[in-house]
Protein chains: 2
Amino acid sequence: MVTIGDVARAAGVSRSTASYALSGKRAISAEVRQRVNDAVLRLGYTPNAGARALATSQTMVIGLLAQFLEDEFAPAMLEYMLGVSDTARELGYDTLLVTDGDGASALRRITDSRMVDGLVLLNVAQDDVRLPVLRAAPQPGALVGLPGDCSGLDVFDLDFEEAGRMMVDHMHRLGHRELILVSQPEHVVERGGAYVWRLQDAALQQARLRGVTLHAVFGESRQPAVGRSLHGLLDTYPDATGLLLNNEAAAAALPTVLHERGLTAPDDLSVIGRYSDEFARVFSLPYSSIESAPDRLGRMAVRQLVRRIESETGRAEPYVVRFVAPELVDRKSTAAPRT
Amino acid sequence: MVTIGDVARAAGVSRSTASYALSGKRAISAEVRQRVNDAVLRLGYTPNAGARALATSQTMVIGLLAQFLEDEFAPAMLEYMLGVSDTARELGYDTLLVTDGDGASALRRITDSRMVDGLVLLNVAQDDVRLPVLRAAPQPGALVGLPGDCSGLDVFDLDFEEAGRMMVDHMHRLGHRELILVSQPEHVVERGGAYVWRLQDAALQQARLRGVTLHAVFGESRQPAVGRSLHGLLDTYPDATGLLLNNEAAAAALPTVLHERGLTAPDDLSVIGRYSDEFARVFSLPYSSIESAPDRLGRMAVRQLVRRIESETGRAEPYVVRFVAPELVDRKSTAAPRT
DNA sequence: CTGAAAGCGCTTACAG
DNA sequence: CTGAAAGCGCTTACAG
């Protein structure tokens, strides 16, 4: 292994001078800088990450905690992960991916051992057991997903309340008076998936306001249950003319279900989902949707995290809770109801 | 930060004794061991990962290189990633996720700086530019995907040749005499996605052997092109009675396409894909498929990698190239052709 | 503008 | 069975 000592010797300078020449942290004569750079190239020197971390207390790694729970939809998670990983790299950080079932103890392991400079948590629950660990950690943390208690952390999420209202208003404006809202499975709610009820409660309230009947139900997230459950709903509420989906798995399953029933959107049924444009493409989903902006949320979380990591003042800045405004991407799956 | 020095002082022993008590690498009196353990618990000590890495030259991290290319299908990649990450954790390793566009220089960065003890590469191409870098690295590497040159590396992949033959034979046995094989986009082939032609060539040969007409074509991987291309194929080969898919995006788009044409599998068309059971569930795909076993391949790669990392003899063992035998998962999407 | 030295927090021969 | 010391490869005050 070639060390900075080798570089220094080859350049005929001391190790400290070699180090400073590379970091640029103090003035170095042009000639010495040149000799050091030449030596680096000639020997193929790269600083040892562990040694640097030990000396500087900076690892240049951020931890990404992603939980892949049985009843959650993995492909949706991937988009957040890539947003985080790509942004981290742009800002000079590598990403330690943690997918442990037990997120709290994994988090403790990573933070206590100083493997990372900061953390991004995905899929954050109302009363997330990882948060007390994260608050107690010496590293700053950023969340994608709104918990009950945001203290001491930066939080980024879609404005699910507004998304719920938008869905209802859009349908109401077209003339719909009876709608079905399919949320995530009840398990997700029980586990504290706050976005489920944030969207649902707002939608229900808006429906009351507009005089619209809204049947709010929990969906499923795995085949074949998700398909069966959609069939059941359409059987149960035959007069509903619009379908709102806050459930990626249900959205992915809907084309098949509609096909099996011989229905077409928007002729027979108007449909609005809540997922990203990328998700729509990947799953060939022809339904209008509220853009969930996973890449943007991942970027925002990492940017803020790195700001806190890198600046003294950043550490002390007040914590932020930032909501992305929902946007409706029109894919022509809604229309006036059949009369 | 609490260090092993703090633990040693609290336990009234030297730092080396504290270290040995924790590692168990030499005999320690029961009483001292007890005092050290108590101190660890009381102070909440966790070893500093960077310091340990520096002292031992072991990071207990493996690097996972995943390339998300524009014309490849991300959700399929996720399954491999989780197989790797979960297995790594079981074996005591964390996972550094690298998703850089430029895989070769990212790989060099990770290996030169000694951030990882070993590497798993996904999505390996015939003439993968990352392989020379990996071979030159001091850490061992394992591949998921078969390159042209396997020297110096452990390689794991699905037996795509056998998969191609199985698809053709299965259809032939049911009485089909004209089939369409939809592969990945031509870009994937040009970039060296060897599995595309490994399956295709074997399928073509088997078709000749059986007297079956096989139209082998490149598909697309993004909406809306993938749907249009499937429509085009069904228009071009109206007499084909069976469809073989070596293209996850095409499989995901097929339900919608068949719906739009008013076709049903297997009544109007027999279909076999090549994807995992998990993928079938996630995308609600009702088609029989050759199991691509991403989790198993990820596990195998990590197991072998860790064996090489951890044992002296493991380092020296001959390199392996191991193929997973394809299995056909029957979802009742094939039948005798309509006469 | 440059160098000698201390220190980051571990592990592990070397001594006893 | 235990301790004092060296060393892993860096960075960064401290001196000049």
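Order of the sequence lines fixes the chain letters, A, B, ..., with proteins taken first and strands second; residue numbering starts at 1 for each chain.
Under the rule for a salt bridge (Lys or Arg N to Asp or Glu O under 4.0 Å), the partners of B/Asp6 that lie at least two apart in sequence or sit in another chain are B/Arg9. With sequence neighbours left out, the side chain to side chain donor-acceptor pair (under 3.5 Å) criterion links B/Tyr93 to B/Glu310. With sequence neighbours excluded, the residues forming a side-chain contact (heavy atoms from CB on, under 4.5 Å) with B/Phe323 are B/Leu146, B/Asp157, B/Asp159, B/Arg198, B/Val321, listed by chain and number. B/Tyr195 meets the ring-ring contact (aromatic ring centres under 6.0 Å, His included) test with B/Phe160; sequence neighbours excluded. Residues satisfying the salt bridge (Lys or Arg N to Asp or Glu O under 4.0 Å) criterion with A/Glu317, sequence neighbours excluded, are absent altogether. B/Arg307 meets the salt bridge (Lys or Arg N to Asp or Glu O under 4.0 Å) test with no other residue; sequence neighbours excluded.
Between B/Arg33 and B/Ser57, the residue anchored nearer the 5' end of DNA chain D, judged by the nucleotide with its closest heavy atom, is B/Arg33.
Sorted by first and then second residue, the salt bridge (charged side-chain N to carboxylate O under 4.0 Å, His left out) pairs with a member in residues 22-31 of chain A read A/Glu31-A/Arg35; sequence neighbours excluded. Residue pairs meeting the salt bridge (charged side-chain N to carboxylate O under 4.0 Å, His left out) criterion with at least one partner in residues 41-52 of chain B, sequence neighbours excluded, do not occur; the list is empty. Sorted by first and then second residue, the side-chain hydrogen bond (donor to acceptor under 3.5 Å, both in side chains) pairs with a member in residues 120-130 of chain A read A/Glu72-A/Asn123, A/Asp128-A/Arg130; sequence neighbours excluded.
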Worksheet item: What one-letter contact string describes nucleotides 9-16 of chain D from 5' to 3', where B marks a base within less than 4.0 Å of any protein heavy atom, S marks contact via sugar-phosphate atoms alone, and - marks no contact?
Response: BBBBBB--
Worksheet, complete the sentence: Writing each nucleotide of DNA chain C 5' to 3' as (, ), [, ], | or . by Watson-Crick or G-U pairing under 3.5 Å yields |||.||||||||.|||
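Nearest approach of B/Ala10 to B/Ala39, heavy atoms of both residues: CB-CB, 3.9 Å.
Atom CZ in A/Arg9 sits about 14 Å away from atom P in C/dG3, given to the nearest Å.
Using a 4.0 Å cutoff on non-hydrogen atoms, no part of residues 110-118 of chain B comes near DNA chain C.
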